[in-house]
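After the structure tokens below, expect a handful of questions from me.
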Amino acid sequence: MFGDPHVLRVVAARFISRVGGEAAFFVGIWGKAAFELEADASGVALVMAALGISSLIGSSIAGLLIDRFDPRRVFIGGEVLFVPVVLAMIFADSLGSLTIVTFFLGLVGTPVFTAISSFGPYLTQDPDRLGQVNGYIEGASWSAFVVGPAAGAVLAGSVGIDSIFILDAVTSVIAAAIVFRVRVRQLSKSDEHAG
């Protein structure tokens, strides 16, 4: 499994991208809302509602795009679009502006998560191997779920909350570059119906 460079690249990209994303989500957005903008619980809930609604829209759009193009193209395009949006978080100086930017963050960020999770069938048609590929991709994701907030906490404490959004932008660029050379196979009609 790990002898396949395409699987390795996708697993690495999943981990790196999600480290930045989890740092930004758990420490960056919540920290900025609660500590810098002094939002109460209702204010934080409003920001999270904006993220949730836009993520529903983004994941629906991502599904259509992945079917039409492939997860590699959607992932790379999503990461490229994500960079300016996440950097805009630095300039959000009120709860209203943070809520608006967070909405757009979910809109362009969710397709990235959906695309990277969809790579399995595009990397192998072997059902046994597919389970392993999906397991490794999701294992990388959940590992980042631990590492990301820890990295965010270190950055927030040593540099400042806004530095987390720079980390997220950098990890997005790195992840897109890693996936750029991944070769995906074309799905047949039987593959599409099986998924």
| field | Within 45° cone and under 6.0 Å: R72 NZ/CZ vs Y122 ring | value |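 Checked: cation-pi criterion not met.
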| message | As a test of understanding, state which of V182, V184, V133 forms a side-chain contact (heavy atoms from CB on, under 4.5 Å) with H6. | response |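 Going through the options one by one, the only one that passes is V182.
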| Hey, are the side chains of I66 and D70 touching, using non-hydrogen atoms and a 4.5 Å cut-off? |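 No, side chains not in contact.
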| said: Please report the interatomic distance CD1(I161) to CG(L37), rounded to the nearest 0.5 Å. | reply: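 Interatomic distance, I161 CD1 to L37 CG, rounded to 0.5 Å: 9.0 Å.
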| request: Using the six-membered ring of W142, assess whether NZ or CZ of R14 lies under 6.0 Å from its centre and within 45 degrees of the ring axis. | output: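 No, R14 does not lie over the aromatic ring of W142.
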| query | Distance-only, no hydrogens or angles: does the S141 side chain make a donor-acceptor pair with backbone N or O of I137 under 3.5 Å? | reply |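 No; judged by distance alone, with no hydrogens or angles, the pair does not exist.
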| query | Are the side chain of S97 and the backbone N or O of A92 linked by a donor-acceptor pair below 3.5 Å? | reply |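 Between the backbone of A92 and the side chain of S97 there is no qualifying donor-acceptor contact (under 3.5 Å).
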| query | Aromatic rings F25 and W30: how do their planes relate, parallel, tilted or perpendicular, breaks at 30° and 60°? | reply |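 Correct class here is tilted.
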| task | Just do the side-chain contact (heavy atoms from CB on, under 4.5 Å) check on F119 and N134 with the steps written out, would you? | result | CA-CA 8 Å; F119 262 95; N134 286 334; over 6 Å; no
| Between T102 and S54, which heavy-atom pair has the shortest distance, and what is it? |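 Heavy atoms of T102 and S54 come nearest at O-OG, 4.0 Å.
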| said: A side-chain contact here means heavy atoms from C-beta on lying under 4.5 Å apart; do I116 and S17 qualify? | reply: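 No - every pair of side-chain heavy atoms lies 4.5 Å or more apart.
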| message | With heavy-atom distances below 4.5 Å as the criterion, would you say the side chains of I53 and F103 are in contact? | response |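 Yes, close enough: below the 4.5 Å cut-off.
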| query | Would you say I29 and M89 make side-chain contact, with heavy atoms under 4.5 Å? | reply |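 Contact flag for I29/M89 side chains = yes.
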| request: Side-chain contact test, heavy atoms from C-beta onward, threshold under 4.5 Å: evaluate it for V173 versus V83 and give yes or no. | output: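 Yes, close enough: below the 4.5 Å cut-off.
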| message | Taking G21's backbone N and O only, do any of them form a donor-acceptor pair with D168's side chain (distance below 3.5 Å, no angle check)? | response |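 Side chain of D168 to backbone of G21: a pair is present.
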| query | Looking only at atom types and distance, does a side-chain atom of K32 sit under 3.5 Å from a main-chain N or O of I90, one as donor and one as acceptor? | reply |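 Yes; at least one donor-acceptor contact below 3.5 Å.
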| query | So, does S163 use its side chain to make a donor-acceptor pair with the main chain of V159 at under 3.5 Å? | reply |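 Not at all, since once roles are kept as given, no pair shorter than 3.5 Å links the two residues.
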